[in-house]
Trainee: 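Sharing a structure, written as structure tokens. Questions coming.
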Amino acid sequence: MAWDTARTRRLILDAAVAEFAAHGPEAARMDRIAATAGVNKERIYSYFGNKRQMFAIVLTTELERLAEAVPLDERAASDLGEYAGQVFDYHREHPHFVRLLHWEGLHTADDEPVAAEAERTAHYAEKIAALAGAQESGCLDTRLAPRELLYAVIVLAGWWFATPQLRRMLMPDLDDDPDGQRAALVRLVKALIERSAGGGEAAGGRGTSEPSRT
């Protein structure tokens with residue numbers, strides 16, 4: 001019987017996602033990934049390289065899956081609160097992605113490049129460009145810089161799953177109410193947009209502003 005390479009790669013990748021999310025990039029073990037996927041460990045190395053390379057592929061793949069499931073274009077940017085709600089929905093169904101990012105942060109120095117940093121930076125640049133396009137076309141009324149706005153949405157949508165203990169202490173009434181959590185997130189993002197819309201100075205703006213001189 002011919003070897004199904006695509007299926008084998010998918011099994012290995014799914015096993016690697018679970019292993020890295022549970023144990024982090026340092027404590028994850030390739031033999032456990034191989035056992036879960038039902039393959040010889042050497043096949044992992046031949047398909048994906050060493051553990052560091054495997055972790056980079058895992059993060060890049062998961063980011064692509066999120067982008068495909070919840071695309072950010074000018075249309076989505078016109079209702080950024082609902083977009084944030086959809087990102088929340090994705091994390092609710094796939095909480096491992098937030099865990100992977102936090103494991104990476106714990107094991108990476110501030111000045112150390114992360115796995116597949118160039119590719120991931122380019123991915124985020126596309127989202128920033130979509131927000132900028134929505135601002136320029138008038139679909140998104142905010143004076144916040146697109147990169148600051150994207151950062152805020154990522155943090156606000158993901159933090160519910162990154163630190164559930166804070167959610168429990170700060171909003172105990174919402175601890176067992178994911179729909180309520182989602183509604184609170186949508187309100188937060190919409191309020192952020194509304195507060196930064198129109199005239200007057202907003203924090204950050206589209207670039208940097210000159211300090212006032214007296």
Side-chain angles (χ1 to χ4, degrees), residues 10-25 27-28 33 36-37 55-108 114-116 119-120 123-124 126-128 130-131 134 140 142 144 146-194:
R10 185 173 63 252
L11 289 172
I12 293 172
L13 190 57
D14 289 345
V17 168
E19 176 70 11
F20 283 119
H23 302 286
I33 295 174
T36 301
F55 186 59
I57 292 170
V58 163
L59 279 171
T60 304
T61 301
E62 288 304 299
L63 189 61
E64 290 171 351
R65 287 174 176 174
L66 171 58
E68 183 178 353
V70 193
L72 178 56
D73 52 20
E74 288 191 27
R75 181 177 180 181
S78 66
D79 188 354
L80 207 58
E82 177 56 27
Y83 170 79
Q86 292 174 14
V87 174
F88 176 95
D89 295 338
Y90 184 89
H91 288 321
R92 181 180 172 187
E93 294 295 324
H94 310 88
H96 56 265
F97 182 56
V98 172
R99 289 199 293 269
L100 288 168
L101 290 177
H102 278 256
W103 275 119
E104 179 182 54
L106 287 170
H107 291 279
T108 307
V114 297
E119 294 84 351
R120 291 158 61 188
H123 167 82
Y124 288 124
E126 292 177 0
K127 291 180 178 291
I128 292 170
L131 290 172
L140 177 61
T142 175
L144 288 172
R147 62 185 179 183
E148 296 170 354
L149 192 54
L150 178 62
Y151 186 79
V153 170
I154 290 173
V155 172
L156 289 171
W159 208 246
W160 299 88
F161 307 94
T163 56
Q165 72 277 25
L166 289 181
R167 181 189 68 213
R168 183 174 64 251
M169 289 184 283
L170 291 170
M171 292 178 282
D173 56 316
L174 296 181
D175 193 44
D176 295 319
D177 181 10
D179 291 336
Q181 296 166 24
R182 187 190 195 278
L185 166 65
V186 172
R187 286 196 301 272
L188 282 168
V189 174
K190 288 187 174 182
L192 179 66
I193 300 301
E194 291 170 2

Trainee: Quick one: NZ on K190 to CD on E194, what's the gap to the nearest 0.5 Å?
Mentor: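 One finds 8.0 Å between NZ of K190 and CD of E194.
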Trainee: For a 4.5 angstrom cut-off between non-hydrogen side-chain atoms, does L101 reach L59?
Mentor: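 L101 vs L59: side chains touch.
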Trainee: In terms of heavy-atom contacts, does OH of Y90 have more than 12 from other residues, nucleotides or ligands at under 6.0 Å?
Mentor: yes
Trainee: Give the intermediate values and the outcome of ring-ring contact (aromatic ring centres under 6.0 Å, His included) for residues H102 and W159.
Mentor: CA-CA 10 Å; H102 278 256; W159 208 246; 5.4 Å; yes
Trainee: Of the non-hydrogen atoms in Q181 and D175, which two are nearest, and what is the gap between them?
Mentor: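 Taking Q181 first and D175 second, the nearest heavy atoms are NE2-O, 3.4 Å.
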Trainee: For a quick test of reading the model, state the closest non-hydrogen atom pair linking A84 to A157 and the distance between them.
Mentor: O-CB, 4.0 Å
Trainee: Can a salt bridge be assigned to the pair R92 and D179 using a cut-off of 4.0 Å between side-chain N and carboxylate O?
Mentor: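 Answer for the salt bridge query: yes.
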Trainee: Is the shortest heavy-atom distance from the side chain of L100 to the side chain of F55 under 4.5 Å?
Mentor: yes
Trainee: So how far is it from L156 CG to L188 CG, rounded to the nearest 0.5 Å?
Mentor: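 With rounding to 0.5 Å, CG (L156) is 6.0 Å from CG (L188).
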Trainee: To the nearest 0.5 angstrom, please state how far the CE atom of M169 sits from the CD atom of Q165.
Mentor: 5.5 Å
Trainee: What pairs with A16 under side chain to side chain contact (heavy atoms under 4.5 Å, CB included), at least two apart in sequence or on another chain?
Mentor: F20, I33, M54, V58
Trainee: Report yes if some heavy atom in the side chain of Y83 is under 4.5 Å from a heavy atom in the side chain of D79; otherwise report no.
Mentor: no
Trainee: Side chains of T60 and E64: closer than 4.5 Å at any heavy-atom pair?
Mentor: yes
Trainee: Quick check: do M171 and L166 have side-chain heavy atoms less than 4.5 Å from each other?
Mentor: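 M171 does not reach L166 side chain to side chain.
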Trainee: Would you say the side-chain atoms of S78 pair up with the backbone N or O of R75, donor to acceptor, closer than 3.5 Å?
Mentor: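 Here the side-chain-to-backbone pair exists.
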Trainee: Can any side-chain N or O of W160 pair as donor or acceptor with the backbone N or O of R167 at less than 3.5 Å?
Mentor: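 Here the side-chain-to-backbone pair does not exist.
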Trainee: Between H96 and E62, is any side-chain donor less than 3.5 angstrom from a side-chain acceptor?
Mentor: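 Yes.
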Trainee: Is there a side-chain contact between L72 and V153, using heavy atoms and a 4.5 Å cut-off?
Mentor: no
Trainee: Using the side chain to side chain contact (heavy atoms under 4.5 Å, CB included) rule, pick out the option among I128, L140, I154 that qualifies with L149.
Mentor: L140
Trainee: Which residues satisfy the salt bridge (Lys or Arg N to Asp or Glu O under 4.0 Å) test with E104, sequence neighbours excluded?
Mentor: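 Counting only residues at least two positions away or on another chain, E104 forms a salt bridge (Lys or Arg N to Asp or Glu O under 4.0 Å) with R120.
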Trainee: If I take atom CG from residue D73 and atom NZ from residue K127, how far apart are they, to the nearest 0.5 angstrom?
Mentor: 9.5 Å
Trainee: Could you give the distance from OG1 (T142) to CG (L131), rounded to the nearest 0.5 Å?
Mentor: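 With rounding to 0.5 Å, OG1 (T142) is 9.5 Å from CG (L131).
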Trainee: What is the minimum heavy-atom distance between F97 and L63, and which atoms define it?
Mentor: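 Closest approach of F97 to L63: CZ-CD1, 3.7 Å.
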Trainee: Can you tell me how far the CG atom of L185 sits from the CZ atom of R182, to the nearest 0.5 Å?
Mentor: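 Going from the CG atom of L185 to the CZ atom of R182 covers 8.0 Å.
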Trainee: Can you see which heavy atom on W103 is nearest to which on P25, and at what distance?
Mentor: CB-CD, 3.7 Å
Trainee: A side-chain contact here means heavy atoms from C-beta on lying under 4.5 Å apart; do L144 and L192 qualify?
Mentor: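 Of all side-chain heavy-atom pairs linking L192 with L144, at least one is under 4.5 Å.
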